[in-house]
S.K.: 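Take a look at this one; I'll ask things after.
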Amino acid sequence: MTDRKKLGWTENGIIGLVFTPMGALFAFLGLLFWQLRLGEDPEDPVIFLAVFGGMGLIFLAVGLVFLSLDLKRRQGAQRALDGGYYVMGTIAGVSKPSNTSKGSTYARRVEVHYQDENGVMHVYYSRYFSFDPSDMFKSDKVPIYLEQGGDGWYVDIDAVLPKVVQHQ
């Protein structure tokens, strides 16, 4: 593909991007404090190792889990774009998830429905937007790329939106 699609990050990826380096830093500090034998009492290095190292390993593990979930989603979307096929879905509306906000405004995503040949309705969501794209759609049909034999997918919402330049 000549143009790169915006795969976007979800809450999982952002949590992973924050928790992973923070956990690695705390785990490193715990090991460093233990190795340098910091503290006044003989058991202080072990306490430093347990507190800093333990919390660091917890944060590192949680961050790696969340980061791997989002990277798996992004890889599936890329596989769907590279070697999959597409179906046309119908734009059902723009949702405003309450768990994501930028300052005082909430991020938005487009909800797209597709009914397969077996009559099963599939609901997909686009990447997040920092503005309301409701009145900008050029069509009510949007391509949904699906991975052959896999569970990767990508809603190509940019195909039905004009080029948008935000001025803030």
Side-chain angles (χ1 to χ4, degrees), residues 1-26 55-168:
M1 298 186 77
T2 56
D3 59 335
R4 281 193 58 85
K5 302 291 185 182
K6 298 175 186 173
L7 300 178
W9 288 96
T10 63
E11 307 86 19
N12 290 341
I14 294 170
I15 290 171
L17 288 172
V18 172
F19 277 39
T20 301
M22 187 171 67
L25 175 66
F26 272 77
M55 289 301 293
L57 289 178
I58 291 170
F59 274 91
L60 181 64
V62 168
L64 287 173
V65 166
F66 278 105
L67 191 58
S68 67
L69 287 173
D70 204 46
L71 289 175
K72 180 182 176 192
R73 179 200 60 84
R74 290 170 60 95
Q75 289 171 344
Q78 191 62 52
R79 284 192 309 270
L81 284 166
D82 291 341
Y85 62 99
Y86 75 92
V87 295
M88 296 305 285
T90 304
I91 295 175
V94 177
S95 62
K96 191 167 53 169
S98 60
N99 62 343
T100 56
S101 67
K102 179 184 172 190
S104 62
T105 61
Y106 285 95
R108 292 170 170 82
R109 15 193 256 186
V110 179
E111 183 178 325
V112 180
H113 296 176
Y114 163 68
Q115 189 168 10
D116 66 15
E117 62 276 355
N118 298 323
V120 177
M121 182 64 73
H122 299 270
V123 179
Y124 295 97
Y125 292 94
S126 71
R127 62 181 171 83
Y128 286 102
F129 291 95
S130 59
F131 59 91
D132 187 0
S134 297
D135 60 345
M136 299 180 190
F137 300 124
K138 297 186 273 184
S139 171
D140 65 335
K141 298 286 188 186
V142 61
I144 304 168
Y145 289 87
L146 303 173
E147 181 183 8
Q148 291 278 16
D151 57 355
W153 57 271
Y154 177 76
V155 175
D156 191 7
I157 197 66
D158 294 318
V160 295
L161 285 174
K163 180 179 179 184
V164 178
V165 178
Q166 285 186 274
H167 304 278
Q168 297 179 355

S.K.: Around atom CZ of Phe137, are there more than 12 heavy atoms of other residues, nucleotides or ligands at under 6.0 Å?
M.R.: yes
S.K.: Would you compute the distance between atom CZ of Arg74 and atom OG1 of Thr10 and round it to the nearest 0.5 angstrom?
M.R.: 9.0 Å
S.K.: List the residues meeting side chain to side chain contact (heavy atoms under 4.5 Å, CB included) with Ser68, not counting sequence neighbours, and say none if there are none.
M.R.: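 Not a single residue meets the side chain to side chain contact (heavy atoms under 4.5 Å, CB included) criterion with Ser68.
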S.K.: Just so I know, are the side chains of Val120 and Gln115 near enough to count as touching, which here means a heavy-atom distance under 4.5 Å?
M.R.: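 Heavy-atom side-chain distance check fails, nothing below 4.5 Å.
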S.K.: Start with the C-alpha gap between His122 and Trp153, add the side-chain angles, then the distance that decides, and say whether side chain to side chain contact (heavy atoms under 4.5 Å, CB included) holds.
M.R.: CA-CA 11 Å; His122 299 270; Trp153 57 271; over 6 Å; no
S.K.: For Glu111 and His113, which I'm curious about, is there any donor-acceptor pair between the side chains at under 3.5 Å?
M.R.: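 Checked: Glu111/His113 side chains pair up, N/O donor to acceptor below 3.5 Å.
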S.K.: Give me the atom names and distance for the closest heavy-atom approach of Arg73 to Asp70.
M.R.: NE-OD1, 2.9 Å
S.K.: Please check this pair: side chain of Ser139 against backbone of Val160, looking for a donor-acceptor N/O pair closer than 3.5 Å.
M.R.: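 Absent.
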S.K.: Are the side chains of Phe129 and Val94 in touch, meaning some heavy atoms are under 4.5 Å apart?
M.R.: no
S.K.: Taking the side chain as every heavy atom from C-beta outward, state whether Val112 and Thr90 have any pair of such atoms under 4.5 Å apart.
M.R.: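 No. Closest side-chain heavy atoms not under 4.5 Å.
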S.K.: Out of curiosity, Leu17 CG to Trp9 CH2, how far, rounded to the nearest 0.5 Å?
M.R.: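 Leu17 atom CG to Trp9 atom CH2 measures 4.5 Å (nearest 0.5 Å).
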S.K.: Might you point out which heavy atoms bring Leu7 and Ala77 nearest each other, and give the distance in Å?
M.R.: CD2-CB, 3.8 Å
S.K.: Under the criterion side chain to side chain contact (heavy atoms under 4.5 Å, CB included), I'd like the reasoning laid out for Val65 against Phe19: C-alpha separation, chi angles, the key distance, then a yes or no.
M.R.: CA-CA 10 Å; Val65 166; Phe19 277 39; over 6 Å; no
S.K.: Which distance, rounded to the nearest 0.5 Å, do you find between the CD1 of Ile157 and the CZ of Arg127?
M.R.: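 These two atoms lie 8.5 Å from each other.
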S.K.: Any side-chain heavy-atom pair from Val155 and Val110 closer than 4.5 angstrom?
M.R.: no
S.K.: Quick one: CE on Met55 to CG on Leu57, what's the gap to the nearest 0.5 Å?
M.R.: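 That separation rounds to 10.5 Å.
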S.K.: Would the distance check show the side chain of Tyr154 and the main-chain N or O of Lys6 forming a donor-acceptor pair, the cut-off being under 3.5 Å?
M.R.: yes
S.K.: Is there a donor in the side chain of Ser134 and an acceptor in the side chain of Asp132, or the other way round, less than 3.5 Å apart?
M.R.: yes
S.K.: Determine the interplanar angle of the Phe59 and Phe26 rings, folded into 0 to 90°, and report it as parallel if under 30°, tilted if 30 to 60°, perpendicular if over 60°.
M.R.: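 Answer is parallel, since the angle falls under 30°.
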S.K.: Could you grab the distance from atom CD1 of Ile144 to atom CG of Asp156, nearest 0.5 Å is fine?
M.R.: 10.5 Å
S.K.: Apply side chain to side chain contact (heavy atoms under 4.5 Å, CB included) to residues Leu67 and Leu69 and explain how you reach the verdict.
M.R.: CA-CA 5 Å; Leu67 191 58; Leu69 287 173; over 6 Å; no
S.K.: If every non-hydrogen atom of Gln148 is compared with every non-hydrogen atom of Gly83, which pair is closest and at what distance?
M.R.: CG-O, 3.7 Å
S.K.: Let me confirm one number: the CG-OG1 distance from Leu64 to Thr20, rounded to the nearest 0.5 Å.
M.R.: 4.5 Å
S.K.: Heavy-atom distance under 4.5 Å between the side chains of Asp158 and Lys5, does that happen here?
M.R.: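 A side-chain contact is absent here, since even the closest heavy-atom pair is not under 4.5 Å.
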S.K.: Answer yes or no: is there a donor N or O on one side and an acceptor on the other, between the side chain of Arg109 and the main chain of Ser95, under 3.5 Å?
M.R.: no
